[in-house]
Structures are given as structure tokens and as C-alpha cells.
Protein chains: 2
Amino acid sequence: MKNPITGLNKIFDNRIRLGVMSVLMVNEEISFNDLKALLEVTDGNLATHLVTLEENGFLKVHKGFIGRKTNTTYAITRLGEKTFSEHINALENMIKGVK
Amino acid sequence: MKNPITGLNKIFDNRIRLGVMSVLMVNEEISFNDLKALLEVTDGNLATHLVTLEENGFLKVHKGFIGRKTNTTYAITRLGEKTFSEHINALENMIKGVK
DNA sequence: AAAAAGTACTTTGTATTACAAAGTATGTGA
DNA sequence: TCACATACTTTGTAATACAAAGTACTTTTT
């Protein structure tokens, strides 16, 4: 038997960051407010998790407009895609051991 | 689109607790020392996570002996099995959305 | 023109958590 | 008797999560 949790990334231990990443894997981009509504979190809390993910180079930010209103969107980076994929593979291997 | 992290259990956010549970899903029981070696954690740290899981009713403890040496083993409870299964299903659904 | 509201934060404060390291009780082997 | 093993508990620190309040800027409403 080998350690079932090798390959799990500490950054993705958190459910909110997990949610952000999985949303961004299947959506080209998503706005701050849509993310907030989707994950059902407070704006301050979401903002800090987004900072963490950005600081780690897993997502990139685009500050734009919808009409004249500010609209910040987030997208996954190449590194984010790679790192998150590895995490998911590790999760799947763990689950496979369970099933 | 719906919230991808509903159904994820907070207790299982932690990698070590995740590891303990997934080991106990496929092993009838495992000793403290084997768990410690397998998950590569310090004994104190492991002990606190085991307490958390036990307090939540997810595992049961059996204090026995091997020859004359103390040997504490851990096993999953019915509740633990059910709750962890639900967590894994939630994870799988999240992953499915990603793939 | 003034007031209210929206966006996307930042700051502040609190409570919880993770973890290592050291300490402990009990027993065993040399 | 002394060192070692098991399975913790205690202690202390650092990191984290989170809500709530504050902020800067703009837009919409009245």
C-alpha cells in the first residue's frame, strides 16, 4: 500500500478554491459577481481566496467593463490548468483505491 | 450552472483526514503506526486528526495487543462510510464537470 | 445636485486550525 | 535498571478562514 494523498496540492485543500478552479476549468472566464453567486460566499472571503490563487499563478485577472460598469473577470492560467489537473488526477487515484 | 462544491464535507477538506478515510474504506482496520508510516505524518498530528474523525463518529477505535505490545487500530463506522461516500460522490461530480 | 446603490476590493478582528515538539503513562526487552 | 516503543496529551506558534465594516470609484435614481 502506498500513501494515498501524495500528489494532492495544499492550495486546493480549501473548498472555495476548489470551486473556483473547477469552474474555471470549464469556463473561459467568469466575473467576480457570478463567482460570488455561484459559490455562495461573501465578497471579502471570495476576494482573499482569489488573491491566493492569483499569487500562486493559477489564475489571471481582467478588469473590464460591461457598458459603463466595472466588470472583473477571472480566467485560469496554463500553470493553473496543469497544477489543478494533477490535483484531480491525484484525487481520482485516491478514489479509485476506495471503490 | 450550479454550485460545484455543494455536498463537499468540511471535515474532509483536510488531506490527512482524507487519507485516513480513504485507507479505512478499503481496509477493515489499520494500526496507528501503520497509518503514521503510510501518511508520513508526525504522531501528534495524526492523533489530533484521528480524534476529530472519532468525535464526528466517522471511525471507531480498538485498543488491543500484538503479543504483549499495545496496538491501537482504527476502523470506519457505518456513518463514516456513508458520509465519506457522499463526499466522494460530490468530488466526482465536481470532477465530471471539469472533464 | 444629492442621495442611494453597485463593483471589487482592503482592512480589521476573531475564531479556528494545523502542526511540530516536547512531555507523559504504561509497558517491554536487554 | 536503562533505553526504547506505543499512543497519546499538552503546549505554543503560525497560518488560515471568515464575516463585517470600511473604501474608492462610478452609476443610477430622485
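Note on naming: letters A, B, ... go to the chains in the order of the sequence lines (proteins, then strands), and numbering restarts at 1 for each one. What you see is a predicted model, and the numbers here were worked out from it, not measured in a lab.
Remark: B:Lys96 does not engage B:Glu92 in a salt bridge, criterion side-chain N to carboxylate O under 4.0 Å.
The side-chain heavy atoms of B:Glu40 and A:Thr6, taken from C-beta on, include a pair separated by under 4.5 Å. Using a 4.5 Å cut-off on side-chain heavy atoms (C-beta onward), A:His62 and A:Thr72 make no contact. Within the 4.5 Å cutoff, the side chain of A:Pro4 has heavy atoms near those of the B:Leu39 side chain. You'll find the side chain of A:Thr83 reaches within 4.5 Å of the side chain of A:Phe12, heavy atoms only. Side chains of A:Leu50 and A:Val61 form no contact here, defined as non-hydrogen atoms less than 4.5 Å apart.
Within 4.0 Å of B:Lys36, counting heavy atoms only, lies no atom of the nucleic acid at all.
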Per-nucleotide protein contact string for nucleotides 3-12 of chain D, where B marks a base within reach and S marks sugar-phosphate only (heavy atoms under 4.0 Å, - for neither): ---SBBB---
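Across the protein-nucleic acid pair, A:Phe65 atom CZ and D:dT27 atom P stand 8 Å apart, rounded to whole Å. Rounded to whole Å, atom C1' of C:dC19 lies 10 Å from atom CG of B:Asn14. Taking atom CZ on A:Arg15 and atom C1' on D:dT16, their separation rounds to 15 Å, with Å as the unit. Atom P of nucleotide C:dA18 and atom NZ of B:Lys10 are separated by 11 Å, given to the nearest angstrom. Rounded to an integer number of Å, the gap from A:Leu18 CG to D:dA17 C1' is 15 Å. The distance from atom CD of B:Glu40 to atom C1' of C:dA18 is 18 Å, rounded to the nearest whole Å. When rounded to the nearest whole Å, the span between CD1 of B:Ile11 and C1' of C:dA18 equals 14 Å. Residue A:Phe12 contributes atom CZ, which lies 13 Å from atom P of D:dA17 at whole-angstrom precision.
Between C:dA20, D:dT27, D:dA17, one nucleotide has an atom nearer to the side chain of A:Arg68 than all others, and that is D:dT27. Comparing D:dA19, D:dC18, C:dC19 by their closest approach to the side chain of B:Ile16 singles out C:dC19.
Applying the 4.0 Å criterion to OP1 and OP2 of D:dT16, one finds that A:His49 has every side-chain N and O outside that range. B:Thr42 has a side-chain polar atom (N or O) that falls below the 4.0 Å cut-off from OP1 or OP2 of C:dA20.
B:Asp34 contributes atom CG, which lies 10.5 Å from atom OG1 of B:Thr73 (distance to the nearest 0.5 angstrom).
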